[in-house]
Amino acid sequence: IMYELNSRVRYSETDIDAKLSLTGIMNYMQDCSTMQSEDAGVGIGYLEQEKKAWLLSSWQIMIERRPALGEKIRVVTWPYGVKGLYALRNFAILDEKNEYLVKANSYWFLLNTETGRPMRIMESDTAPYGEFSPKLEMEDAGRKIQVPKEMGETGRMVVMKHLLDTNLHVNNAQYVDIARELLPAGTEISEIRAEYRKAAVLGDEIVIRSAREGKSYLVSLCNPDGDVFANIELKEM
């Protein structure tokens, strides 16, 4: 059962080239799944009462074309299965001709907010979303991103309030936005992969390490002790 969100690319969502930014793409997809949860009665308020939270484990986002300012788009999402501790969900962004602009695959896990530990996903957790739909036809690169052992440090930053979401963690799109700052001007990205390992919170120091392998920019965001918050791969078109 597919959930749909219709919109038009706003100026505030565009990059310097007047096209939907990478962060804008991710935000649209996050918003689409969030609205599905809210409409199904299992949104943020419900999860807070149940002491649960859905957290993203990984993204794989394939970009065919970024829509331009003012362009009408359709954002869709649907769950397609459960694998161990992970709920699997596809996303897509389509244009007015119903052609794919973006395809995405994602892995999610359910967190017990009292213990801070992952929970087993029960049928009652997935039933509000309806029956699983078929998986989107796209390459599945898996959750983990291999990064080089030797990566150069390119900067440090401290987590501030504007980076946080309702879970009081750095929002998943923000990690990609941090990594994007390392790209040369004018670089067009065809694929985003993100692997989330540890949630960064207010006041944490993030060490930014990066490397280039072929067409891929690899970025590892760690704490000063080397514990990884997120690994990001941005592949040049």
Side-chain angles (χ1 to χ4, degrees), residues 1-40 54 56-83 86-108 126 129-145 171-173 175-177 179-180 183 186-196 214-217 232-237:
I1 298 175
M2 188 179 293
Y3 186 85
E4 183 174 313
L5 187 67
N6 292 288
S7 190
R8 190 178 182 193
V9 177
R10 300 169 178 84
Y11 182 76
S12 59
E13 299 163 343
T14 60
D15 216 331
I16 57 175
D17 57 3
K19 295 179 181 178
L20 184 62
S21 67
L22 299 185
T23 308
I25 288 172
M26 299 179 74
N27 285 339
Y28 263 119
M29 294 190 293
Q30 282 192 102
D31 288 345
C32 191
S33 58
T34 299
M35 290 301 101
Q36 184 180 25
S37 295
E38 293 294 331
D39 288 352
W54 285 106
L56 190 61
S57 176
S58 70
W59 270 123
Q60 181 187 5
I61 303 169
M62 308 293 293
I63 303 170
E64 182 66 28
R65 177 175 72 83
R66 291 187 295 122
L69 171 66
E71 189 170 347
K72 292 180 180 178
I73 57 173
R74 186 162 62 94
V75 189
V76 294
T77 186
W78 64 94
Y80 67 87
V82 172
K83 184 177 180 180
Y86 298 100
L88 313 177
R89 176 177 282 273
N90 281 142
F91 295 83
I93 300 178
L94 301 99
D95 64 13
E96 288 188 277
K97 297 178 181 178
N98 212 36
E99 294 179 350
Y100 286 105
L101 302 175
V102 178
K103 294 181 178 181
N105 190 37
S106 60
Y107 288 68
W108 301 74
T126 61
Y129 300 100
E131 296 182 5
F132 294 141
S133 295
K135 182 181 179 182
L136 184 64
E137 288 188 14
M138 62 175 286
E139 173 197 0
D140 186 351
R143 292 188 303 109
K144 296 186 178 297
I145 298 174
N171 183 263
N172 73 82
Y175 294 103
V176 174
D177 215 29
R180 189 181 69 95
L183 300 180
T187 303
E188 191 71 26
I189 297 300
S190 65
E191 182 177 358
I192 302 168
R193 292 185 63 209
E195 174 197 2
Y196 303 101
K215 290 187 175 182
S216 290
Y217 295 87
I232 310 295
E233 179 181 8
L234 301 174
K235 188 173 289 185
E236 191 172 3
M237 190 169 286

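Heavy-atom basis, side chains included; hydrogens, waters and symmetry copies ignored. Because the structure is predicted, anything quoted here is derived from the model rather than measured.
- Taken from CD1 in Ile93 to CG in Leu101, the straight-line distance is 7.0 Å, to the nearest 0.5 Å.
- Side-chain contact between Glu64 and Tyr100 is absent, with no heavy atoms from C-beta onward closer than 4.5 Å.
- Closest heavy-atom contact between Glu137 and Lys103: O-NZ, 3.2 Å.
- The side-chain heavy atoms of Leu56 and Ser106, taken from C-beta on, include a pair separated by under 4.5 Å.
- Pairs engaging residues 17-31 under the salt bridge (Lys or Arg N to Asp or Glu O under 4.0 Å) rule: Asp17-Arg66 [sequence neighbours left out].
- Going from atom CD of Glu195 over to atom CG of Asn172 covers 13.5 Å, rounded to the nearest 0.5 Å.
- Atom OG of residue Ser33 and atom CD of residue Glu38 lie 10.5 Å apart, to the nearest 0.5 angstrom.
- Atom CG of Leu20 sits about 12.0 Å away from atom CE of Met26, to the nearest 0.5 Å.
- Checked options Tyr107, Trp108, Tyr175; the residue passing with Tyr196 is Tyr175 (criterion: ring pair (Phe, Tyr, Trp, His ring centres under 6.0 Å)).
- Lys72 and Glu96 get closest at one heavy-atom pair: CD-OE2, 3.5 Å.
- Contact check for Lys135 versus Leu88: no side-chain heavy atoms found under the 4.5 Å cut-off.
- Asp39 has its side chain within reach of Tyr3: a pair of non-hydrogen atoms, C-beta onward, lies under 4.5 Å apart.
- Contacts of Asn171 classified as side chain to side chain donor-acceptor pair (under 3.5 Å), with partners at least two apart in sequence or in another chain: Gln30, Asp165.
- Considering all non-hydrogen atoms of both residues, Leu136 and Asn90 come closest at N-OD1, 2.6 Å.
- A heavy-atom distance below 4.5 Å is found between the side chains of Leu22 and Ile63.
- The minimum heavy-atom distance linking Met237 with Ile189 is given by the pair CE-O, 3.7 Å.
- Under the 3.5 Å distance criterion, the side-chain polar atoms of Gln60 are matched with a main-chain donor or acceptor of Glu139.
- Within the model, atoms NZ of Lys215 and OG1 of Thr187 stand 12.5 Å from one another, a figure rounded to the nearest 0.5 Å.
- Taking 4.5 Å as the limit, some side-chain heavy atom of Arg180 sits within range of a side-chain heavy atom of Asp15.
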Candidate pair Val102 and Phe91, rule side-chain contact (heavy atoms from CB on, under 4.5 Å), full reasoning: CA-CA 8 Å; Val102 178; Phe91 295 83; over 6 Å; no

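- Nearest approach of Asp177 to Thr23, heavy atoms of both residues: OD1-OG1, 2.8 Å.
- Exactly one residue among Glu233, Glu236, Lys235 makes a side chain to side chain donor-acceptor pair (under 3.5 Å) with Ser216. That residue is Glu233.
- Within the structure, salt bridge (Lys or Arg N to Asp or Glu O under 4.0 Å) contacts touching residues 3-13 (residues at least two apart or in different chains) are Glu4-Arg74, Arg10-Glu13.
- Between Met29 and Thr77, every side-chain heavy-atom pair lies at or beyond the 4.5 Å cut-off.
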side-chain contact (heavy atoms from CB on, under 4.5 Å) evaluation trace for Arg143 with Lys83: CA-CA 12 Å; Arg143 292 188 303 109; Lys83 184 177 180 180; over 6 Å; no

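- Side-chain atoms of Tyr129 and Arg89 include no donor-acceptor pair closer than 3.5 Å.
- Atoms SG and CG, from Cys32 and Asn27 in turn, are 12.5 Å apart once rounded to the nearest 0.5 Å.
- By the 4.5 Å heavy-atom criterion applied to side chains, Trp59 and Val176 are not counted as neighbours.
- Looking at every heavy atom in both residues, Arg193 comes nearest to Ala141 through NH2-O, 3.4 Å.
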